[in-house]
Amino acid sequence: MGVQKLNEEERNTLLSPLLSDSWEMVQDRDAIKKNFTFKDFNEAFGFMTRIALRADKVDHHPEWFNVYNRVEITLATHECKGLSQRDVNLAKFIDNVYATFTN
Ligand SMILES: C[C@H](O)[C@H](O)[C@H]1CNC2=NC(N)=NC(=O)C2=N1
């Protein structure tokens, strides 16, 4: 029994806070996304570096796009083809790291 998709109750309790904090559901996919903006590329890449190290530590990786000072992140769990607790955990971590950057 591998990782499970979030059930209805978990979506209400665990996803809602994220959706209230600028995460959005991806159209036509059980995934969440959020856009981040930084002072410059250096900060954007520093942010990505911290997320990357965490992703490798927890073995759960984002889908992301970066151009200069912008980073767009999409989270989903490939193993269950949808959102799992791992995505919730990583989203919270990402928001906590972002909060350390003054924008
Ligand atoms: C082999 C490796 O443990 C798996 O592929 C991990 C890696 N990182 C992952 N990241 C994400 N987002 N979903 C997964 O299912 C996943 N699985």
Side-chain angles (χ1 to χ4, degrees):
M1 183 75 99
V3 61
Q4 300 290 303
K5 280 175 83 162
L6 295 175
N7 63 36
E8 203 52 44
E9 197 250 337
E10 287 167 327
R11 288 168 191 268
N12 293 331
T13 54
L14 300 174
L15 268 192
S16 300
L18 297 174
L19 300 174
S20 308
D21 189 14
S22 306
W23 288 90
E24 297 175 311
M25 292 306 295
V26 174
Q27 289 300 319
D28 309 323
R29 192 181 161 197
D30 191 25
I32 54 173
K33 67 182 169 74
K34 183 170 179 177
N35 298 337
F36 300 86
T37 307
F38 300 87
K39 185 163 57 72
D40 54 24
F41 175 74
N42 185 291
E43 291 223 341
F45 199 76
F47 169 76
M48 293 178 76
T49 302
R50 288 166 66 182
I51 305 313
L53 292 174
R54 177 71 173 198
D56 238 25
K57 182 171 181 214
V58 301
D59 192 32
H60 193 71
H61 303 80
E63 300 161 25
W64 47 9
F65 169 82
N66 159 248
V67 58
Y68 187 56
N69 68 326
R70 291 192 309 107
V71 181
E72 296 174 11
I73 299 181
T74 299
L75 299 177
T77 302
H78 310 138
E79 286 169 48
C80 65
K81 296 184 176 51
L83 288 167
S84 73
Q85 180 73 53
R86 296 180 191 172
D87 300 302
V88 173
N89 297 345
L90 188 55
K92 284 181 181 171
F93 178 82
I94 288 168
D95 283 340
N96 288 339
V97 172
Y98 187 58
T100 68
F101 289 82
T102 53
N103 284 293

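The structure displayed is predicted, hence computed values, not measured ones. Order of listing sets the numbers, starting from 1, for every ligand and every atom in it.
With contacts defined as side-chain heavy-atom distances shorter than 4.5 Å, the pair N66/E72 does not qualify. Between F93 and K57, every side-chain heavy-atom pair lies at or beyond the 4.5 Å cut-off. Counting only heavy atoms from C-beta outward, the side chains of V58 and R86 never approach each other to under 4.5 Å.
Geometrically, ligand 1 and R86 share no nitrogen or oxygen pair separated by less than 3.5 Å.
Distance check for atom 12 (N) of ligand 1: a protein heavy atom is found below 4.0 Å.
With sequence neighbours excluded, no residue forms a ring-ring contact (aromatic ring centres under 6.0 Å, His included) with Y68.
The shell of residues lying under 4.0 angstrom from ligand 1, judged by heavy atoms, includes A76.
Regarding atom 8 (N) of ligand 1, its nearest protein heavy-atom neighbour is H61 ND1, 2.8 Å. Here the heavy atom of the protein found nearest to atom 3 (O) of ligand 1 is D59 OD2, 2.3 Å. Scanning the protein heavy atoms around atom 17 (N) of ligand 1, the nearest turns out to be E79 OE2, 3.0 Å. Of all protein heavy atoms, the one lying nearest to atom 14 (C) of ligand 1 is H78 N, 3.5 Å.
The aromatic rings of F38 and F47 are tilted relative to each other, their planes meeting at an angle between 30° and 60°.
Note on V88: it does not cluster hydrophobically with V26, by side-chain heavy-atom contacts below 4.5 Å among ILVMFWY residues.
Within the listing of ligand 1, atoms 13 (N), 15 (O) sit less than 4.0 angstrom from a heavy atom of T77.
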